[in-house]
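Starting from 1, each residue takes its place in the sequence as its number.
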Amino acid sequence: MSRPLRSGLSAVLITLSCLLVPFGALSAWAAYGLTDTGRYVTTMAPLAADPDVREAVADTVGDGILDEIGRQVDAKVMRATVAPFVHDALHSFTQTAAFRTAWNEGNRAAHDAVLRALRDEPGGSDRPVTVDLAPVTAHVKARLAQDHVPLANRIPVEHAEVALLPAQELGRLRKGFHVLQVAGFWLPVAAVVFAAAGIALAACRRRALVATALGTAVGGALLALALAVGRSLTLSDLPDEVSQPAAAAVYDALTATLRTVSWLLVALGLTVAALTWLTRRRTAGNDRTGRPRPRPRLRLLLGRRRASSAPTQTPPPEPTRVDA
């Protein structure tokens, strides 16, 4: 294979590898990071102490309780007598250990239900995926009844569900989930294979390694930029009734690992490129035997010293003639 052809093919492979780096990291995170229930619950657990998340949970559950009560009694009476007690009880409940337990269990149940639906397992169905908030509502009902709040016993508990995935979107989401699982494995593998093949085919492998490292760093930076843009777009598309601070806290918690990976890619790429460049500078002054090449002036002086110190050979004396 000619040198120009090798260089062109190497450049194409390295470019493909660098382009696959952010997509491979994103797909691997979504396919393996978000599908682990234990890791998901651990990631979401600290949000139980976030003030914005607690405020959003209290408002959402409180509005649901008040809507159910409003179907049974006069709305004006409800707002005047029950609403303040419901919201105070919910805000107080979100600061207890029982709420943190309910938060973790609710996230675990919701995650399991979503995975069963996306994987089309026997436990899944074509019905909407919902999470049951009955434990939270039951705790608030018992708290209000203990405080002798009017209409507390009439708070319904059996229909406290929040929809997570609509039924009409399950088919499309399942296909996307299966594609994501395949891409989460093969895209990172393809990026590594393309990079190794591009470096192996390169006419100058040191230069190809530097280009691959810099391209990896650029891919990590693009991934970090995409996460920032995705955060802005996600928050701007939320309905008015959804708390943006709470949604931002959830987004940041879910993408924390991916942000770390993006900056690790940047650091790794720049480090490898810098080490390769420094090694090149160091070896550029060495000859093939591994010894440092003398500078021109030093080489000239050494040559003169060797010439002056070389022993001069005197011709042997001529034999004397003896006349007979």
If every non-hydrogen atom of [X] is compared with every non-hydrogen atom of [Y], which pair is closest and at what distance?
{"X": "Arg6", "Y": "Ala202", "result": "NH2-O, 3.2 Å"}
{"X": "Gly220", "Y": "Val266", "result": "C-CG2, 3.6 Å"}
{"X": "Leu180", "Y": "Ala31", "result": "O-CB, 3.6 Å"}
{"X": "Ala248", "Y": "Leu235", "result": "N-CD2, 3.7 Å"}
{"X": "Tyr251", "Y": "Gly230", "result": "OH-C, 3.5 Å"}
{"X": "Asn107", "Y": "Val41", "result": "C-CG2, 4.4 Å"}

Are [Y] and [X] connected in a single hydrophobic cluster, I mean Ile/Leu/Val/Met/Phe/Trp/Tyr linked by side-chain heavy atoms less than 4.5 Å apart?
{"X": "Ile14", "Y": "Leu270", "result": "no"}
{"X": "Val250", "Y": "Leu34", "result": "yes"}
{"X": "Leu233", "Y": "Leu225", "result": "yes"}
{"X": "Leu268", "Y": "Leu275", "result": "no"}
{"X": "Val193", "Y": "Val182", "result": "yes"}

Are any of the side-chain heavy atoms of Trp103 and Met44 separated by less than 4.5 Å?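 They are in side-chain contact.
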All pairs passing ring-ring contact (aromatic ring centres under 6.0 Å, His included) where residues 8-53 contributes a residue, at least two apart: Tyr40-His111
Only pairs at least two apart or in different chains count here, so list each ring-ring contact (aromatic ring centres under 6.0 Å, His included) that has a residue in residues 204-241. none
If you round to the nearest 0.5 Å, how far is [atom2] of [Y] from [atom1] of [X]?
{"X": "Asn104", "Y": "Leu47", "atom1": "CG", "atom2": "CG", "value": "10.0 Å"}
{"X": "Ser10", "Y": "Arg205", "atom1": "OG", "atom2": "CZ", "value": "10.0 Å"}
{"X": "Thr42", "Y": "Asp36", "atom1": "OG1", "atom2": "CG", "value": "8.0 Å"}
{"X": "Leu26", "Y": "Leu258", "atom1": "CG", "atom2": "CG", "value": "6.0 Å"}
{"X": "Leu209", "Y": "Ile199", "atom1": "CG", "atom2": "CD1", "value": "5.0 Å"}
{"X": "Ser232", "Y": "Leu227", "atom1": "OG", "atom2": "CG", "value": "12.5 Å"}

Could you name each residue pair satisfying side chain to side chain donor-acceptor pair (under 3.5 Å) that touches residues 253-271, not counting sequence neighbours?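 Residue pairs with at least one partner in residues 253-271: Thr255-Arg259.
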Sequence neighbours excluded, which residues qualify as ring-ring contact (aromatic ring centres under 6.0 Å, His included) partners of Phe194?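 Here no residue qualifies.
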Per-pair distances, 0.1 Å, donor-acceptor, side chain in residues 50-58, under 3.5 Å, sequence neighbours excluded:
{"residue": "Asp50", "atom": "OD1", "partner": "Asp52", "partner atom": "N", "Å": "3.0"}
{"residue": "Asp50", "atom": "OD1", "partner": "Val53", "partner atom": "N", "Å": "3.2"}

With a 3.5 Å distance limit and no angle check, can you tell me whether Thr94 reaches the backbone of His91 through a side-chain donor-acceptor pair?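 Side chain of Thr94 to backbone of His91, a donor-acceptor pair under 3.5 Å: yes, one is there.
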Is the backbone of Ala208 close enough, under 3.5 Å, to the side chain of Thr212 for a donor and an acceptor to pair up by distance?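 Side chain of Thr212 to backbone of Ala208, a donor-acceptor pair under 3.5 Å: yes, one is there.
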Taking side chain to side chain donor-acceptor pair (under 3.5 Å) as the test, write out the residues that go with Asp112, two or more places apart.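 Applying side chain to side chain donor-acceptor pair (under 3.5 Å) to Asp112 gives Thr37.
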